[in-house]
Amino acid sequence: MSPNTTNTPFTPEQIIRTILEQRGIALTEFSYLLGYEHKTAVSSRFGGAKLSVDLFYRWLRALGYEMVATPKSSPMSEGEFRLVTEEDR
């Protein structure tokens, strides 16, 4: 996925995947960065298990991102992501 420069909404999993792809970070490397011994601790979340808000926040912080709430009508800057849940799609 390319950097999000539109208001296209992303699920938490898509946001993490996009950041990893943009930075060239493999799941194994990301897993170790988070303190996990195996990449399955991360990859299993992409296969269907939903990320909790706490886990999503922890993963974002590990990648140097933060969560910010803004009005829905606010324009997005390059590198920002609009979050949506699967139910909203």
Rounded to the nearest 0.5 Å, the CZ atom of Phe30 sits from the CD1 atom of Ile16 at a distance of 5.0 Å
Worksheet item: Please walk me through it: do Trp59 and Ile19 pass side chain to side chain contact (heavy atoms under 4.5 Å, CB included)?
Response: CA-CA 11 Å; Trp59 287 12; Ile19 294 168; over 6 Å; no
> Heavy atoms, side chains only, cut-off 4.5 Å: are Leu27 and Thr40 in contact?
Replying inline: no
- Query: With side chains defined as the heavy atoms from C-beta onward, is the minimum distance between Thr18 and Phe10 less than 4.5 Å?
  - Reply: yes
For this session: Please test Val53 against Met67 for side chain to side chain contact (heavy atoms under 4.5 Å, CB included), starting from the C-alpha separation and ending with a verdict.
Result: CA-CA 10 Å; Val53 172; Met67 289 175 42; 4.1 Å; yes
Separation between CD (Glu29) and CZ (Arg23), nearest 0.5 Å, reads 11.0 Å
Rounding to 0.5 Å, atoms CE (Met76) and CZ (Phe81) come to a distance of 7.5 Å
Quiz prompt | Polar side-chain atom of Arg17 near backbone of Pro12 as donor-acceptor pair, under 3.5 Å | solution = no
Residue set satisfying side chain to side chain donor-acceptor pair (under 3.5 Å) with Tyr65, at least two apart, ordered chain then number -> none
On a heavy-atom basis, the closest approach of Arg82 and Lys72 is NH1-O, 3.4 Å
Check: Can you tell me if CZ on Arg61 sees more than 12 non-hydrogen neighbours from other groups inside 6.0 Å?
Finding: no
### Query
Going through the checks in order, is the side chain to side chain contact (heavy atoms under 4.5 Å, CB included) test met by Thr28 and Val42?
CA-CA 8 Å; Thr28 303; Val42 173; over 6 Å; no
(message) Any side-chain to backbone donor/acceptor pair from Ser52 onto Leu55? Under 3.5 Å, distance only.
(response) yes
Smallest heavy-atom separation, Glu37 atom then Tyr32 atom, equals O-CE2, 3.1 Å
Verify, without hydrogens or angle tests, whether Ser74 (side chain) and Thr70 (backbone) share a donor-acceptor contact under 3.5 angstrom. no
Q | Steps toward side chain to side chain contact (heavy atoms under 4.5 Å, CB included) verdict (Leu20, Leu63) | A | CA-CA 8 Å; Leu20 292 175; Leu63 292 167; 3.9 Å; yes
